Amino acid sequence: MAKKNIFTDAFGTPYFLKRLVIFILGIISYRRFNGFNKLKITGTEHLVDLPDSNVLFVSNHQTYFADVAAMYHAFCAVNNGYLNTIKNPIYLLNPKIDFYYVAAEETMNKGILPKIFKIAGAVTVKRTWRAEGKNVNRMVDMSEVDNIMKALDNGWVATFPQGTTSAFAQGRRGTAKLVKNQRPIVIPIKINGFRRAFDKKGLRVKVTGVKPTMEFKAPLEIDYDNENAHEILLKIMTAIEQTEDFNLLHNYDEELKAKKLEQKDSDN
């Protein structure tokens with residue numbers, strides 16, 4: 001695995017360039033999270049004593065870029081001693097630069113702005129089940145898995161196990177297999193309100209006055225020797241509250257169906 005040095009990150013991106021991109025994007029996005037809408041962050045005390053590498057953040061996903069931008073703000077704030085707040089953007093002068101996030105390759109290659117975001121720390125992957133709006137079925141590119149492992153070897157990584165912004169979509173076993181093999185510290189993140197506050201890309205403010213939330217939970221307790229990938233994935237999806245047990249609309253629909261069936265039986 002390639003290693004970072006004092007001048008570049010694990011993928012050869014110059015640190016001065018990453019710092020500049022994170023600072024500029026942070027300044028541009030700051031009012032979206034502490035102006036037009038007030039981002040509420042909780043649980044960053046769980047990040048204080050984490051090691052510098054082999055930490056995997058798993059999160060639900062609501063927009064392409066706003067979710068990750070908010071994470072950068074939270075991580076940079078913690079990096080400078082600010083817990084559960086992003087009120088003092090001075091933290092952008094000393095950003096968390098060894099942070100990477102997993103993103104769909106097709107998303108990061110569309111337009112200039114996503115390519116700039118990519119410099120900040122994107123590890124791109126080709127989705128094996130979906131491409132350009134169509135269902136596909138292709139093999140995992142092992143070089144992409146190697147890149148994620150390289151990022152973990154050299155820093156913190158955020159990934160979205162559902163691989164989509166759709167709520168309550170099934171989790172992908174690739175995340176669990178990575179966890180099983182790499183044995184990182186796994187920190188769940190639960191986000192909410194981003195879908196309402198921003199457009200799907202997360203670039204445009206859709207509604208003001210919303211209070212999006214980002215909750216960092218305690219590290220998952222995983223028995224790497226005895227738990228299989230399916231058990232690990234279920235633990236992850238439960239922690240980020242994306243199983244059907246948390247789908248209130250689904251529960252409501254099921255209850256409504258049961259009541260209608262009960263009423264039909266009573267009428268007969």
Side-chain angles (χ1 to χ4, degrees), residues 1 4 9-10 39-62 67-86 91 95-103 121-123 125 145 147-163 168-192 194 212-243 245-246:
M1 295 290 180
K4 61 186 179 182
D9 71 4
L39 175 65
K40 181 180 179 181
I41 303 173
T42 57
T44 55
E45 62 272 11
H46 297 303
L47 313 185
V48 174
D49 295 321
L50 291 176
D52 293 332
S53 62
N54 208 32
V55 178
L56 182 68
F57 295 87
V58 290
S59 177
N60 61 315
H61 203 19
Q62 294 193 342
D67 309 5
V68 173
M71 289 179 193
Y72 269 104
H73 279 283
F75 293 145
C76 292
V78 171
N79 196 48
N80 290 273
Y82 300 105
L83 299 183
N84 297 327
T85 181
I86 58 168
Y91 56 73
K96 175 72 175 175
I97 51 176
D98 287 316
F99 167 63
Y100 307 89
Y101 61 96
V102 180
V123 181
V125 297
V145 176
N147 284 338
I148 298 174
M149 293 176 68
K150 183 193 299 184
L152 279 170
D153 282 340
N154 292 278
W156 293 0
V157 176
T159 188
F160 305 94
Q162 294 165 288
F168 303 106
Q170 68 178 22
R172 298 290 164 177
R173 294 192 61 165
T175 299
K177 290 178 180 178
L178 177 69
V179 169
K180 176 76 172 175
N181 293 333
Q182 188 74 3
R183 301 192 174 199
I185 295 174
V186 180
I187 307 288
I189 305 175
K190 176 198 168 187
I191 66 170
N192 196 24
F194 286 75
T213 61
M214 177 170 285
E215 178 187 359
F216 293 87
K217 299 189 177 184
L220 289 182
E221 294 184 5
I222 300 174
D223 185 344
Y224 290 110
D225 292 322
N226 297 308
E227 291 183 353
N228 59 36
H230 175 76
E231 293 169 324
I232 293 173
L233 181 60
L234 178 59
K235 189 170 286 188
I236 289 172
M237 298 303 291
T238 301
I240 65 175
E241 301 184 17
Q242 287 297 296
T243 63
D245 292 337
F246 295 96

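All figures in this text were calculated on a predicted structure; none of them were measured in a lab. Residues: numbered from 1 along the sequence shown.
By the 4.5 Å heavy-atom criterion applied to side chains, P161 and M237 are counted as neighbours. Considering only heavy atoms from C-beta on, T159 stays 4.5 Å or farther from L178 through its side chain. A 4.5 Å side-chain heavy-atom check between T213 and I191 finds every atom pair outside the cut-off. Within the 4.5 Å cutoff, no side-chain heavy atoms of I187 are placed close to those of K217. Contact check for P184 versus V179: side-chain heavy atoms found under the 4.5 Å cut-off. Taking 4.5 Å as the limit, every side-chain heavy atom of N154 sits out of range of all side-chain heavy atoms of D9. Considering only heavy atoms from C-beta on, I86 comes within 4.5 Å of Y91 through its side chain. Contact of the V58 side chain with the T175 side chain is registered, since non-hydrogen atoms from C-beta on lie closer than 4.5 Å.
Checked by atom type and distance alone, the side chain of N147 never pairs as donor or acceptor with a backbone atom of V123 at under 3.5 Å. Y72 contributes no side-chain N or O that, together with a main-chain N or O of K96, makes up a donor-acceptor pair within less than 3.5 Å. Checking side-chain atoms of N54 against main-chain N and O of R183 turns up a donor-acceptor pair under 3.5 Å.
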**OP:** Under the side-chain contact (heavy atoms from CB on, under 4.5 Å) rule, what do F160 and V68 come out as? Steps first, then yes or no, please.
**Re:** CA-CA 10 Å; F160 305 94; V68 173; 3.8 Å; yes
**OP:** Please report the C-alpha distance between V125 and V102 in whole Å, then the side-chain angles of each, then the deciding distance to 0.1 Å, and finally whether the side-chain contact (heavy atoms from CB on, under 4.5 Å) criterion is met.
**Re:** CA-CA 7 Å; V125 297; V102 180; 3.9 Å; yes
Original post:
Should Q182 and D153 be marked as a side-chain contact (heavy atoms from CB on, under 4.5 Å) after you check the CA-CA gap, both sets of side-chain angles, and the distance that decides it?
Top reply: CA-CA 9 Å; Q182 188 74 3; D153 282 340; 3.0 Å; yes
**OP:** Apply the test side-chain contact (heavy atoms from CB on, under 4.5 Å) to residues H61 and F194: give CA-CA distance (whole Å), side-chain angles for both, the deciding distance (0.1 Å), then the verdict.
**Re:** CA-CA 9 Å; H61 203 19; F194 286 75; over 6 Å; no
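Residues M214 and A70 come closest through the heavy atom pair CE-CB, 3.7 Å. Counting all heavy atoms, side chain and backbone alike, I189 lies closest to N60 at O-OD1, 3.4 Å. Considering all non-hydrogen atoms of both residues, A218 and P188 come closest at O-CD, 3.3 Å.
The line from OG1 of T238 to CG of L233 is 9.0 Å long, rounded to the nearest 0.5 Å. The CG atom of N79 sits 9.0 Å away from the CD1 atom of I97 when rounded to the nearest 0.5 Å. Residue S59 holds its OG atom at 12.0 Å from CD1 of I236, rounded to the nearest 0.5 Å. The CD1 atom of I185 lies 10.5 Å from the CG atom of L56; values are rounded to the nearest 0.5 Å. I41 contributes atom CD1, which lies 12.0 Å from atom CD of E215 (distance to the nearest 0.5 angstrom).
Side-chain atoms of E241 and N192 form no donor-acceptor pair, as typed in the model, at a separation below 3.5 Å. With no hydrogens or angles considered, no side-chain donor-acceptor pair links Q162 and Q170 at under 3.5 Å.
By the 4.0 Å N-to-carboxylate-O rule, E227 lies close enough to K235 to be salt-bridged with it. Of the charged side-chain nitrogens involved, none lies within less than 4.0 Å of a carboxylate oxygen, so that D225 and K180 do not count as a salt-bridged pair.
For E45, the side-chain hydrogen bond (donor to acceptor under 3.5 Å, both in side chains) test picks out N84, with sequence neighbours left out. By the ring-ring contact (aromatic ring centres under 6.0 Å, His included) test, F75 is found to be paired with F57, F99, W156, F216, residues two or more places apart in sequence or in another chain being considered.
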